[in-house]
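Since the structure comes first, as structure tokens, the remarks are kept for the end.
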Amino acid sequence: MTALLARPAAAVPRLRRDRRRWAWGLAALAAVCWSATGALDGVNPAGAAQFGAFAAAALSPALDGAFLGVLATAALVTVAYAVLGTALAVLLGALGAVAAARSTWGRRRLGRLATRGVLAVPRGLHEAVWGLLLVNVLGLDPWVGVLAIGLPYGAVTATVFGALLDEVPRGPYEALRAAGAGRLAAALYGLLPRAAGGLLSYACYRLECAVRSAVVLGLVGAGGLGYQLSLSFGSLRWPQVWSAVYALALLCLAADVAGRAVRRRLAAPRRRAGVLSRDRVLTAAVLGTLVAGAWSWWFLALSPASLVSARAREQAGFVLRAAWPPSADGDLLRSVAAAAVVTVQTSVLAVVLAAVGAVLVAGVAARPAGRCSPLRRLAGVLVRLGLLLLRAVPAPVWALVLLFVLLPGVLPGAVALGVYTLGVLGRLAAEAVEEADAGPRAALTALGAHPAGGWLYGVAPLVAGPVLAYALYRWEVTVRDTLLVGLLGAGGLGALLASELAAFDWPAVATVLTATVVLTLAVDLVGDRARRALR
Amino acid sequence: MTVRLGAATVLDDVDLTVGAGERVALAGASGAGKSTLLGVVNGTVPPSGGSVRVLGADPAALRGAALRRLRARVGTVHQHLELAGALRVVHEVNAGRLGSWPALRAAWSLVRPQGVADVVAALEQVGLADRVFDRTDALSGGQRQRVAVARVLVQRPDLVLADEPASALDPVLTERVLGLLAGPADRGGALLAALHDPALALRHCDRVVGLAAGRVVLDAPAAALTVADLAALYGTAA
């Protein structure tokens, strides 16, 4: 026998806690407590009656023919914006992913940091802000809607595509490189096949988000379902509001189902042995997307000429000249700092609310892999529908509704964004559960583990990392969304921006926008560091 | 223990009984149905026909806690190990005791590891005691395989199922691990192990069952067999 097996009984090694993770955990806890102190605003009982009327109308949406016709046309406009915006975003994202991936830069961290900084500018500004700014340059042109979605989405898509490429195991790529393949060829054969499912799944998810963003653009005046929603909301016609919400939920459901079908086919392609055949569903999806893109182009009557027209150039020049240099007034800077604090507190509370909720519902929301009881199936369908409804209603609408019963401040924004983010995060967590390897849990069931024990030891370790990473991503998104909720009445940088925009105080607008971008960049960096500590 | 199956493709009308104290090797080419047979016994693969009796009980007739109690007496080293990976070794090994631990204790153990001395003792037997608090996904393939074996050791099952439990181990550790897995059989339990290496099967088991295309084509005491007999199962001359 070897010395290895013959040596005396070892002393139990000491359990070393991972200090970095503990530090992150404690810091997160402190941030949550600090944010909670900002949310100690009161409740406004007087608004309860209006809230009740709004809630009651959920069961009696407006269904008269004329209004439904208006909604249908509005929905087409929204879809056209969403499709073209996503197309632009995926195009930009695919180009930017290479620049954003950690693997591209290797040890040259400066290059990667610079890319992230460049990407943080477009994604640091909300679609609605892009919309408001672009309207000042392009006027009421349909390009406003497309660019307002495509530019920030393109930056986010580039970051996520880059991260997805980074997360693919490097072994096959390195092996091909070692065998003499060029970087591009090695990436095509060694990285892309493993990442393709994730990339396509994310593109589908972006299309779904784009539908909601198109609605939000409508809320600030760009037309479509959101415009109808805001008209009905402004005139307190709750049944019409609910019709618009249901129409939006239907749109999201369609995008969800279509995206899922495509993704499932990608994960398990149906191939006949020995024949190179194309999958009908995937072919239809690709052709359908191309047709939808062409139709949207025609329906919105986009003209590339208007992008480079003399008027557009002149307006862009005027706004840029007026906004430079940004204002450095002391009072303004103080209110920017105070608003930034409110924004951070709101976003932290929202994400914590959403993450806790997502963890609680993920198990039920995930489609079980094997056979299961009809009751379990029904619960799953109900929870998924609930989550769909939560994310179908844009956060600003939730905020407007909550402002009936809560005083303006951190709390209504946090709850509105939290409820909406729960819809998104709950779905992502459920998908992480579905995509996790079923083997470890099955092995634990086979050795007699309690279902909860099987979950804790067989599923949770596999999904905790991805779900926390998603939550951190959503925190970055939520900081941006806080701005939008602020534009429509809750506090923070958005409210400040709204008042400066209304006064056409361009230098002050530039200061607030800069502060927003810097804040987003900071949050992005903190999120990235925290994610790395999680690995 | 009787296993009767009618699964058309993978296992075809297999009738096999393993008695107390027996150490049975499953031999056969890849795709012969060895892993499926083990999966049917531990309940991860539902049989499409026939009946299965494990340790004197019918798993199909049991539900809830009774089924879990039966399953806690069956330990498996899976071919693909089925470790979560993102946990420390101590938790992966402790997972072997989930059949007897209530859910709350299982949850608390993730915060403050329970029964560390037993875990270290089990890891000591497979030569991994110094890695008890490392992350499992930081270990090599062979080390992970030994973690899976240590999990079965702390589980203390009566029936051990092992699917190529030493495929990633050196000869010394292979002997060691197979000896450890045969422990329950020596105490009146049983071992059913899928083994590709004929010499290993003959040395550690007292009976060899050969499978080919889902059927039992050989069932004989190890003492009556030679390495060449087993090599024939794989279609090669020894």
Atom group of [X] that falls short of 4.5 Å from chain A, counting heavy atoms:
X	result
Arg73(B)	neither
Leu110(B)	both
Arg88(B)	side chain
His78(B)	side chain

Give a yes or no on this: more than 12 heavy atoms of other residues, nucleotides or ligands lie within 6.0 Å of atom [atom1] of [X].
X	atom1	answer
Leu104(B)	CG	no
Trp34(A)	CH2	yes
Arg177(A)	CZ	yes

| Should Arg146(B) and Leu173(B) count as side-chain neighbours, where that means a heavy-atom distance under 4.5 Å? | yes
| task | Check whether any side-chain heavy atom of Ser373(A) lies under 4.5 Å from a side-chain heavy atom of Leu375(A), and answer yes or no. | result | yes
Top of [options] for chain B proximity - count of heavy-atom pairs under 4.5 angstrom:
options	result
Gly454(A), Gly458(A), Pro461(A)	Pro461(A)
Ala443(A), Ala446(A), Ala436(A), Gly453(A)	Ala446(A)
Gly465(A), Gly439(A), Pro440(A)	Pro440(A)

| query | Looking at Ala86(B), Gly75(B), Ala95(B), Pro59(B), which makes the most heavy-atom pairs under 4.5 Å with chain A? | reply | Ala95(B)
| query | Given a strict heavy-atom distance threshold of 4.5 Å, which part of Leu447(A) is in contact with chain B: side chain, backbone, both, or neither? | reply | both
| request: May I ask you to establish whether Arg427(A) and Tyr470(A) are in a cation-pi arrangement, using a distance under 6.0 Å from NZ or CZ to the six-membered ring centre and at most 45° from the ring axis? | output: no
| When you look at Arg97(B) and Asp118(B), which way does the salt bridge (Lys or Arg N to Asp or Glu O under 4.0 Å) test go after all the steps? | CA-CA 11 Å; Arg97(B) 295 194 266 207; Asp118(B) 289 351; 3.1 Å; yes
